[in-house]
2 protein chains.
Amino acid sequence: MRDVAVVARVSIKTVSNVVNNHPHVHPTTRSRVEKAITELGYRPNFSARGLRSGRTGVIGLAVPELRQNYFAELADAVIAAAEKRSLSVIVGQAGRDRQHEINVLANGLRQTDGLLFSPERLGTEDSAMLDDIDYPLVLLGERIFGGPTDHVTMDNITAARAAVQHLAEKGRTRIAVLGAHPDRREGQLRAADLRVRGYREGLALAELPHDRQLERAVAPWHQEDGARATNELLESGVEFDAIFALNDTLALGALRALGRSGRHIPDDVAVIGFDNITDGRFTLPSLSTVDAGRDEIAETAVAMLVERIDWGSGVRRPPRLHKAHFDIIERESTGGAPARPIDLGAGAK
Amino acid sequence: MRDVAVVARVSIKTVSNVVNNHPHVHPTTRSRVEKAITELGYRPNFSARGLRSGRTGVIGLAVPELRQNYFAELADAVIAAAEKRSLSVIVGQAGRDRQHEINVLANGLRQTDGLLFSPERLGTEDSAMLDDIDYPLVLLGERIFGGPTDHVTMDNITAARAAVQHLAEKGRTRIAVLGAHPDRREGQLRAADLRVRGYREGLALAELPHDRQLERAVAPWHQEDGARATNELLESGVEFDAIFALNDTLALGALRALGRSGRHIPDDVAVIGFDNITDGRFTLPSLSTVDAGRDEIAETAVAMLVERIDWGSGVRRPPRLHKAHFDIIERESTGGAPARPIDLGAGAK
DNA sequence: GTGAAAGCGCTAACAG
DNA sequence: CTGTTAGCGCTTTCAC
C-alpha cells in the first residue's frame, strides 16, 4: 500500500480511501491511484484489515457432513446468501464425533466473525455449553430449549404430522417410520425425536393405532441405513403399507430395498421422505417429501448472524427463533403424477 | 494477550510462547499462564497472527456448485484433508457464470493462502490467465495444457475408454454417450471433450462403428438434463443398447427416463456413469460407474497446494501434473450382481 | 480532499 | 527460561 502511495504520489490514506470507495476523493487522484494499483498488482491484505476492524468478513458453517445431500444443498444456499452480503464461508464438518462438535461449538471456527452451527450429536444435555458462547452464533435445524441462542429451524412436529396425514389421506393405515433415534430419552429435542412425535400425533389425528413395531430406530441417516432398516422391517414380518422416512436419504435407501423385494411403490407401499433434496425428483418412482424450507433457513440464518455480528458483544439480546415454512410435495411415491415435462419419461404410459 | 500477561505476571512474549506450545517454558509459568487464559477467556486473534506470519491458515476451494453431489463429496474430502493439516477451507461456488469464474481465478478467494480451483466454464482459451496468477494455485479436474499451474486430475481419456470397453465386453454394440459439450471445438480439453475422445477410442478398440447420432450433447450435467437427453434419444428412434453418461448425475437422470419408458436395465439398455458418487450405490438398479479417485485427488491437491504455499512466491517451480487412479465399478446397471449385504433387498430373487 | 501518526494483536529478533 | 522492542498492512482519528 505504501508502494502504491509512492507511485501515485499520494499518501497512504488516500490509497485506502480509493480502495474502500470512500467519497470525497478527487477523480484525478482516484484514477492515478487506480493506475498505480494495477501497475503494482496491489491487493489489499484482509488479515490486516481484519485486525483493524475486528472483522474478518468470513462466517463459519459447521454441518455434520457435506456428503449428505441435504447439508450440501444447505451449504450451497448459505454460501449464496453470504455472498450476497460479501461474506465468505468457512465450512467445517463436525458430525463425525461428539467431541469434535463440542470443540467447534466451544471455540467457533477460527478466523470467522460468527458461526452457523447444525449439530448432529449434541442434545439438550449440552445446552449448558451455550451459556459460555462468547461469539455470534446461530443454531440450525434443531431447537435446544432454554438456550440463549438464536435458532433457525422449522416446525418438525407439525411437518411430520402433515406427512403422516398425507399418507393417511391416501388410505394408508399401517405407516412405518424410519429414523427414530436409537437411544431415545425423554426431553430430547433432536429432529428425530420431534419428527417421531409428529408421527405419533399424525396417527392419532387420523385415528390410526400406534404400533411400536412400526417405529424403526435408525442412525445415522444414510442411504445404506435406510435400506438396511427397510430390509429388517420386511424380514420382521410386520405388516405395513407406507413408510415415512425421517429424511430423504433414508427414503432413497428404502425405495431401493422395497424395489428389490418386489414391492410396488406406491401400490404396495407408499413412501414419503423429509427435506426435499434434489435427488428425490429423479428417482423412479420420484419421492414425495416434506420441503423443509432450506433456502429460507439459509437466508434467515445468515441474516440473523449478520445482525448478531453487527450488534457486537456489548448488549445481550434475547434469543430469537425462526421457523421456516414447510410444504408437502406429492410425487409418485405416494401416488402423485409425474412432473411435466422433464422427469416424465418418453413413452410412459 | 496483554491482559493475560498482566494476570499471569509474565511478559506478553511468554504468553505467546505458551499459546504456541513453544518449548523452553517453565512448567510452573506455563500453568500459571494457562490459568490466566481460561480465567480471562482469552482466544488468540488469528487475523493478527496472520498479519505477522503472512499466512492465514485458510485455503480456498472453488467448485461450480456444491449441490452437484460430486462436488459435495469432493469438498468433503478436501475439508478432511485440510483439517489433517490444521487448515480450514473457504468454499466458493463459481460455476454459475463464466465471469464469476474469471474473477475467482484472477483474485483467488480473499483471506486464503492458496486456492484449489475446479473450473466449469473456463477452457483452453483462458489459459493465458494462468500466467498472471500470483498466488498458490492448484487446478482440479481438467487439464489446461501449457499452463504454468499444478494440476490434479485423472486420465479422462483412458477411463472413458475403459467404460466403453466394459460395455462392449457385455456385448453392447450401440453405445450412446450422454454429456458431450454443446459447442465442441477442436483443441478444447474439458472433461467432456476428453471423455468423448475416450469414448470414440473405446469404440474403435472394440471395433464398433461410430455413429454421430449416438453422441448426445448435454449441458449442464444435472439429473434433469440427463433425463431430458435420454428422452430425446428415445424419441429420436435411434437404436441403442447402452448409455455411457459422462457423469453419474446424468446417469441417474437417464436411469429414470429409461425406467419410465419401460426399458429394462440392463437387459434392454446398460448404463454406466462416471464419478462414483454415493447415490449410485442405492438406485434401482444400482449404477455402474468409473471411480475417478476422488479422495486421492483431494488428498494430493491439498498436499500440492501446501507445498506451493510453503515454497513462497520466490522461486518459480515447474508445474506438476498428478493423475489419480481410476476403477471401473460394475453394478447392476451393466449386469453386475447386487452388493451384499446392505443393498440387497430382502426377498430379492 | 489529503496527510501524519497511532495502534489493532501478534510474533521474530535479540537481549538478558 | 523470560523480557523488550519493532513492525506486519491497514484504518482511524485529527490536522491541515
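As the structure is a computational prediction, the values presented were derived from the model and not from experiment. Chain letters run A, B, ... following the sequence lines, proteins first, then strands; residues in each count from 1.
- Val19(A) is listed as a side-chain neighbour of Ile37(A), based on a closest heavy-atom distance under 4.5 Å.
- Sorted by first then second residue, the side chain to side chain donor-acceptor pair (under 3.5 Å) pairs that include residues 103-117 of chain A, not counting sequence neighbours, are Thr56(A)-Asp113(A), Gln99(A)-Asn103(A).
- In this structure Asp275(A) satisfies the salt bridge (charged side-chain N to carboxylate O under 4.0 Å, His left out) test with no other residue, sequence neighbours excluded.
- Residue Thr29(A) is in sugar-phosphate contact alone, with no base atom involved, counting any heavy-atom pair closer than 4.0 Å across all strands shown.
- Annotation: side chain of Thr149(B) is not in contact with side chain of Phe117(B) (no heavy-atom distance under 4.5 Å).
- In this structure Val7(B) satisfies the side chain to side chain contact (heavy atoms under 4.5 Å, CB included) test together with Ala36(B), Glu39(B), Leu40(B), sequence neighbours excluded.
- Using a 4.5 Å heavy-atom threshold, the side chains of Met1(B) and Tyr42(B) count as touching.
- For the side chain to side chain contact (heavy atoms under 4.5 Å, CB included) test, residues two or more places apart in sequence or in another chain that qualify with Arg85(A) are Ala81(A), Leu87(A), Glu299(A), Val302(A), Ala303(A), Val306(A).
- When DNA chain C is scanned in the 5' to 3' direction for atoms under 4.0 Å from non-hydrogen atoms of chain B, the outermost contacting nucleotides are dG9(C) to dA13(C).
- The shortest side-chain heavy-atom distance between His100(A) and Glu83(B) falls under the 4.5 Å cut-off.
- Map Arg30(A) and Ile12(B) each onto its nearest nucleotide of DNA chain C; the residue landing nearer the 5' end is Arg30(A).
- Taking the side chain as every heavy atom from C-beta outward, His26(B) and Val10(B) never approach each other to under 4.5 Å.
- Using a 4.0 Å cut-off on heavy atoms, the residues of residues 50-57 of chain A that approach DNA chain C are Leu51(A), Arg52(A), listed by number.
- Taking a cutoff of 4.0 Å between a charged side-chain nitrogen and a carboxylate oxygen, Arg320(B) and Glu307(B) qualify as a salt bridge.
- Listed in residue order, the members of residues 37-44 of chain B having a heavy atom less than 4.0 Å from DNA chain D come to none.
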Audit row: Leu116(B), Val89(B), side chain to side chain contact (heavy atoms under 4.5 Å, CB included) steps and yes/no: CA-CA 10 Å; Leu116(B) 301 178; Val89(B) 180; over 6 Å; no
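- You'll find the side chain of Leu130(B) reaches within 4.5 Å of the side chain of Leu137(B), heavy atoms only.
- What you find for Pro136(A) and Arg308(A) is that their closest heavy atoms are CB-CB, 3.9 Å.
- For the helix from dG1(C)-dC16(D) to dG16(C)-dC1(D), the end axes, each set by the C1' atoms of five terminal pairs, are bent relative to each other by 30° (nearest 10°).
- Using a 4.0 Å cut-off between charged nitrogen and carboxylate oxygen, Arg294(B) and Glu73(B) count as a salt-bridge pair.
- Not counting sequence neighbours, Arg52(B) has no partner by the side chain to side chain contact (heavy atoms under 4.5 Å, CB included) test.
- With sequence neighbours excluded, the residues satisfying salt bridge (charged side-chain N to carboxylate O under 4.0 Å, His left out) with Asp134(A) are Arg43(B).
- As judged by a 4.0 angstrom heavy-atom cut-off over every strand, Val19(B) is placed among residues making no nucleic acid contact.
- Contacts between residues 105-114 of chain A and DNA chain D, defined by a heavy-atom separation under 4.0 Å, are absent.
- A donor-acceptor contact shorter than 3.5 Å links the side chain of Arg121(B) to the backbone of Gly95(B).
- Using a 4.0 Å cut-off between a side-chain N of Lys or Arg and a carboxylate O of Asp or Glu, Arg96(A) and Asp76(B) qualify as a salt bridge.
- Closest-nucleotide positions on DNA chain D for Ser16(A) and Thr14(B) were compared, and the one nearer the 5' end corresponds to Thr14(B).
- For DNA chain D, the span of nucleotides reached by chain A at under 4.0 Å from its heavy atoms goes, 5' to 3', from dG9(D) to dT12(D).
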